There are 2 protein chains.
Amino acid sequence: METRELRYFVAVAQELHFGRAAQRLGIAQPPLSRAVAQLERRLGTALLTRSSRSVALTPAGEVLLAEARAALAAVEAAERRTRRAGSTDRPGLVLAVKAGASAELLAKLLDAHAAEPDAVPVDVLLVGIGEQGQVLRDGRADVALLHRPFDDLAGLDVEELGTEGQIAVLPAGHELGTRPELVLADLDGVPGLPAPRWPGPSGVTSGPGPQVRDHAQLLQLIGLGRTFAVLPDSVRGQLPEGLRAVPVADAPAVTTVIAWPPHSRSLAVAGLVRTALRL
Amino acid sequence: METRELRYFVAVAQELHFGRAAQRLGIAQPPLSRAVAQLERRLGTALLTRSSRSVALTPAGEVLLAEARAALAAVEAAERRTRRAGSTDRPGLVLAVKAGASAELLAKLLDAHAAEPDAVPVDVLLVGIGEQGQVLRDGRADVALLHRPFDDLAGLDVEELGTEGQIAVLPAGHELGTRPELVLADLDGVPGLPAPRWPGPSGVTSGPGPQVRDHAQLLQLIGLGRTFAVLPDSVRGQLPEGLRAVPVADAPAVTTVIAWPPHSRSLAVAGLVRTALRL
DNA sequence: CGGGCCGATACCTCTCGGGTATCGATCGGC
DNA sequence: GCCGATCGATACCCGAGAGGTATCGGCCCG
């Protein structure tokens with residue numbers, strides 16, 4: 001199987017429409033139809049059920065969609081990492097961090113790493129919530145900080161860096177902000193304060209409230225009184241003036257972890273991880 | 001990048017010889033030279049240093065070799081898993097087990113799974129030591145039993161099933177077999193009894209003794225008085241007549257784990273894992 | 001210094017990926 | 001119930017590029 005065929009199939013499987021998929025791929029519809037049909041012939045399996053009015057995935061098609069995405073990410077990663085290994089000007093590491101999260105830990109880590117004798121330059125790549133795994137898997141980053149149980153750690157090698165409780169971050173002057181402590185049930189369905197939505201481990205977003213990409217957006221929306229959030233303790237240090245932080249007794253503990261792609265044989269990654277574990 | 005290019009590059013990188021690589025790929029040498037040169041042009045990096053008498057990998061080439069292997073395994077996995085999902089006759093799972101290891105646990109697991117209401121048929125794939133990760137990654141198996149710290153768990157999702165001590169397995173009548181307990185140092189450099197070699201997590205094999213692929217081979221060689229082994233407690237149940245088993249006090253504990261490929265969304269895998277965790 | 005090994009280059013062929021035109025089926029509207 | 005619109009499949013053509021053969025040019029060895 002060639003990556004071209006996989007790209008074509010993924011496009012059709014996502015769009016569920018040959019015409020639109022062809023347009024997205026920048027080719028005409030007939031070659032796309034033929035390519036997918038040929039893929040099905042070679043695999044000996046129907047991947048799509050077509051009824052001239054609609055296209056749907058067969059169970060085998062579902063399997064191939066998931067597997068093809070992973071395989072294409074691996075190929076992309078190969079390309080990107082090789083390019084970076086070859087370009088002499090930047091031999092450093094790329095560290096992916098959720099924008100706005102773990103700021104204090106990140107600062108300490110970068111300082112400690114820079115003080116190492118064999119320090120390699122580190123670029124910080126700020127990504128949206130839940131995107132760290134993706135950038136790690138497709139080669140845009142070499143290491144990432146993520147948070148259990150929120151982020152998807154599947155397929156990554158991981159070391160734990162620390163655990164902390166969670167606090168509710170509320171708009172200035174909100175009645176709940178005056179209490180000394182909350183439980184999750186207090187925050188369930190507060191009138192006029194919907195929970196925000198962000199990309200979860202399963203890739204989908206859930207909840208009724210506003211859609212949010214990173215912590216900065218989230219804090220801004222809280223400042224505007226449009227939502228609230230339950231976040232790790234360590235965000236206290238970066239709360240804008242006026243927001244209220246209240247411990248949430250029964251919120252699950254958050255573990256910050258450092259992760260890297262499984263077959264990374266890079267000494268530079270190992271060095272950064274070692275530094276992180278010493279903090 | 002197409003998988004064809006990656007396959008070509010991997011062949012050359014392994015053989016370090018364009019002629020032989022071309023032969024292995026079933027093509028002529030000139031197209032291979034051109035394809036690799038074109039890949040280098042597209043990546044903007046030299047991958048190989050060629051000197052008409054020898055071929056060597058550049059650092060970027062080393063990176064691409066590792067990444068390309070992973071990517072090609074992912075593509076193969078996509079193909080195999082889709083084929084199996086499509087062929088109606090065998091909708092079951094493939095469970096990879098080191099030949100001869102964890103026999104008791106395996107029997108219990110298969111029994112318990114068969115007793116489940118939604119039992120899916122399970123094929124057992126016996127593989128050589130250290131090959132479980134590979135067959136999981138390239139789609140030949142869906143689940144595997146492996147043993148920490150011996151097997152390479154990088155990139156796999158894992159649940160622990162149990163921990164046990166280790167025993168030394170010695171030929172009948174060997175003097176060490178009469179002692180009530182040993183320490184690793186006792187086994188270090190026993191005259192006439194070299195330690196066996198098998199594929200380790202790093203892929204290489206080390207040690208001076210005979211080369212071994214699985215437990216059955218290993219036990220046979222011990223029976224012949226040619227080597228010894230330090231193995232998990234649970235092999236006691238399958239020792240052939242005459243072999244001596246002696247606990248090793250300071251050997252690292254072995255944890256048996258059940259593992260599956262990270263993006264497996266399969267309900268069948270989840271069911272088998274749940275059954276295993278109940279044992 | 002000459003022969004043999006090996007990768008690169010030149011040049012040819014033909015497969016196959018991609019484009020246009022069109023068909024056939026299905027669904028919605030009148 | 002018919003007509004038109006939509007959408008995937010089919011027919012047919014063209015050109016890029018993958019692969020083959022012949023050959024060159026550098027390098028080590030005898």
Side-chain angles (χ1 to χ4, degrees), chain A residues 1-58 60-62 64-65 68 71-72 75 78-79 86, chain B residues 1-58 60-62 64-65 68 71-72 75 78-79 86:
Chain A
M1 276 198 309
E2 293 302 312
T3 63
R4 183 182 47 81
E5 306 179 275
L6 292 180
R7 272 189 289 266
Y8 285 8
F9 171 74
V10 169
V12 177
Q14 282 179 339
E15 299 282 346
L16 292 179
H17 189 290
F18 279 76
R20 277 195 298 277
Q23 197 170 359
R24 219 181 69 184
L25 293 166
I27 64 172
Q29 170 258 318
L32 180 57
S33 286
R34 260 184 301 142
V36 173
Q38 179 179 339
L39 184 59
E40 288 178 311
R41 225 176 307 126
R42 272 219 287 266
L43 291 173
T45 314
L47 300 170
L48 301 165
T49 54
R50 316 138 161 82
S51 73
S52 107
R53 295 307 287 181
S54 77
V55 176
L57 285 167
T58 64
E62 301 270 11
L64 184 58
L65 179 57
L72 289 175
V75 172
E79 183 160 352
Chain B
M1 273 197 314
E2 292 303 312
T3 63
R4 183 181 47 82
E5 305 179 277
L6 292 180
R7 272 188 289 264
Y8 285 8
F9 171 73
V10 169
V12 176
Q14 281 178 341
E15 299 283 347
L16 292 179
H17 188 290
F18 279 76
R20 276 195 300 276
Q23 198 170 356
R24 221 182 67 185
L25 292 166
I27 65 172
Q29 171 257 319
L32 181 57
S33 286
R34 260 184 300 139
V36 173
Q38 178 179 339
L39 183 59
E40 289 178 308
R41 226 175 307 125
R42 273 219 286 267
L43 291 173
T45 316
L47 300 170
L48 302 165
T49 55
R50 313 134 160 88
S51 75
S52 107
R53 295 308 285 180
S54 77
V55 176
L57 285 167
T58 63
E62 300 272 10
L64 184 58
L65 179 57
L72 289 174
V75 172
E79 183 159 351

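Hydrogens, waters and symmetry mates are skipped; everything else that's a heavy atom, side chains included, is used. Sequence lines set the chain letters: A, B, ... in the order given, protein chains first and strands last, and positions in each chain run from 1. All figures in this text were calculated on a predicted structure; none of them were measured in a lab.
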When B:Pro30 and A:Arg4 are each assigned the nearest nucleotide of DNA chain C, the 5'-most assignment goes to B:Pro30
Tell me, yes or no, whether the heavy-atom count around A:Gln29 atom CD, taken from other residues, nucleotides or ligands under 6.0 Å, exceeds 12. yes
Measure from the side chain of A:Ile27, starting at C-beta and using heavy atoms only, and say which of C:dG19, D:dA9, D:dG19 lies closest. C:dG19
Value in whole Å for how far the P atom of C:dG7 lies from CG of B:Leu16: 10 Å
Could you go through B:Arg7 and A:Glu2, starting from their C-alpha distance and side-chain angles, then the distance that decides it, and tell me whether this counts as salt bridge (Lys or Arg N to Asp or Glu O under 4.0 Å)? CA-CA 11 Å; B:Arg7 272 188 289 264; A:Glu2 293 302 312; 2.9 Å; yes
Check whether any side-chain N or O of B:Ser33 sits under 4.0 Å from OP1 or OP2 of C:dG7, and answer yes or no. no
Return the OG1 to CG distance between B:Thr49 and B:Leu57, rounded to the nearest 0.5 Å. 8.0 Å
Are OP1 or OP2 of C:dA8 and a side-chain N or O of B:Arg50 less than 4.0 angstrom apart? yes
Once hydrogens and angles are ignored, does a donor-acceptor distance under 3.5 Å link the base of D:dG17 to the side chain of B:Arg34? no
Rounded to the nearest 0.5 angstrom, the CG-CG distance for B:Leu65 and B:Leu47 is 10.5 Å
Rounded interatomic separation in angstrom, taking CZ from B:Phe18 and C1' from C:dC6: 10 Å
Distance (rounded to the nearest 0.5 Å) between A:Thr3 OG1 and B:Met1 CE: 8.0 Å
Length of the CZ-C1' vector between A:Arg20 and D:dT6, whole Å: 11 Å
Whole-Å distance, B:Tyr8 OH to D:dA18 C1', equals 8 Å
Over how many whole Å does the gap from A:Glu2 atom CD to D:dA18 atom C1' extend? 11 Å
For a quick check under 3.5 Å, do B:Thr58 and B:Glu62 share a side-chain donor-acceptor pair by atom type? no
Below 4.5 Å, heavy atoms only, C-beta onward: do B:Gln23 and B:Glu15 meet side chain to side chain? no
Without decimals, in angstroms, what is the distance between B:Arg41 CZ and D:dG17 C1'? 13 Å
Where the side chain of B:His17 is concerned, which of C:dG19, C:dG7, D:dC7 is the nearest nucleotide? C:dG7
Hey, what are the protein-to-nucleotides 23-26 of chain C N/O distances that come in under 3.5 Å?
{"residue": "C:dT26", "atom": "O4'", "partner": "A:Ser52", "partner atom": "OG", "Å": "3.3"}

Compare side-chain N and O positions of A:Gln38 against OP1 and OP2 of C:dG17 and report whether any pair is under 4.0 Å apart. yes
Expressed as a whole number of angstroms, how long is the span from A:Glu15:CD to D:dG8:P? 11 Å
Can you tell me the distance, in whole Å, between the CG atom of A:Leu32 and the C1' atom of D:dT10? 15 Å
